[in-house]
Amino acid sequence: GGPDAGDLRRPNVQITVRSARGNFEDGQAKAIEVFDAVHKQAPATYAGWLADEPIFVEIDEKQRHTWTINVQCIYDT
């Protein structure tokens with residue numbers, strides 16, 4: 001059987017942010033902006049969520065800088 005009603009769920013979501021070619025500073029600023037937006041306010045239907053600070057991952061083959069932000073969403077079923 002499935003989980004009983006009232007169980008807390010904690011799915012994880014990963015957000016990827018990429019800069020324009022060769023533009024580290026603007027990409028980093030956008031990654032921080034996204035983090036600030038998701039870190040401060042969970043949607044009303046969620047019990048809450050936890051966001052990790054942006055993590056620099058790589059420079060891809062098109063010379064774009066890439067960050068990830070991991071978010072754990074918490075909601076009641």
Side-chain angles (χ1 to χ4, degrees):
D4 293 335
D7 290 339
L8 280 181
R9 298 295 193 165
R10 297 173 186 266
N12 294 310
V13 176
Q14 186 173 71
I15 301 167
T16 301
V17 178
R18 286 194 181 94
S19 71
R21 182 181 178 118
N23 194 338
F24 178 88
E25 292 80 13
D26 286 351
Q28 183 180 43
K30 179 58 72 176
I32 291 168
E33 181 182 330
V34 170
F35 168 75
D36 286 344
V38 299
H39 176 67
K40 293 180 180 177
Q41 181 75 32
T45 57
Y46 285 78
W49 60 22
L50 306 170
D52 292 336
E53 300 246 349
I55 298 170
F56 180 77
V57 178
E58 68 177 352
I59 300 172
D60 70 13
E61 67 281 353
K62 296 182 180 180
Q63 298 304 304
R64 298 176 300 184
H65 299 82
T66 306
W67 290 261
T68 60
I69 301 162
N70 295 309
V71 182
Q72 183 181 57
C73 307
I74 305 166
Y75 67 94
D76 198 355
T77 58

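Both backbone and side-chain heavy atoms feed into the values below; hydrogens, waters and symmetry mates do not. Keep in mind the model is a prediction, meaning the values are calculated, not measured.
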Given side chain to side chain contact (heavy atoms under 4.5 Å, CB included), test N23 with E25 step by step and report yes or no.
-> CA-CA 6 Å; N23 194 338; E25 292 80 13; 4.1 Å; yes
Acceptor/donor pairs from residues 65-73 side chains to any protein atom, 3.5 angstrom cut, sequence neighbours excluded:
| unit_1 | atom_1 | unit_2 | atom_2 | d |
| --- | --- | --- | --- | --- |
| H65 | ND1 | S19 | OG | 3.4 |
| N70 | OD1 | Q14 | NE2 | 2.9 |

Taking a hydrophobic cluster as the set of Ile, Leu, Val, Met, Phe, Trp and Tyr residues connected by side-chain heavy atoms closer than 4.5 Å, whether directly or through intermediates, do V17 and V38 fall within one such cluster?
-> yes
Atom pair CG (D76) and OG1 (T45), whose distance is rounded to the nearest 0.5 Å | 11.5 Å
Would you be so kind as to tabulate the donor-acceptor pairs closer than 3.5 Å made by side chains of residues 53-60, with sequence neighbours excluded?
| unit_1 | atom_1 | unit_2 | atom_2 | d |
| --- | --- | --- | --- | --- |
| D60 | OD1 | K62 | N | 2.9 |
| D60 | OD1 | Q63 | N | 3.2 |
| D60 | OD1 | R64 | N | 2.9 |
| D60 | OD2 | R64 | NE | 2.8 |
| D60 | OD2 | R64 | NH2 | 2.8 |

Other hydrophobic cluster members with Y46, side-chain heavy atoms of Ile/Leu/Val/Met/Phe/Trp/Tyr under 4.5 Å, chained?
-> Y75
Those residues that, when tested against D26, pass salt bridge (Lys or Arg N to Asp or Glu O under 4.0 Å) (two or more places apart) | none
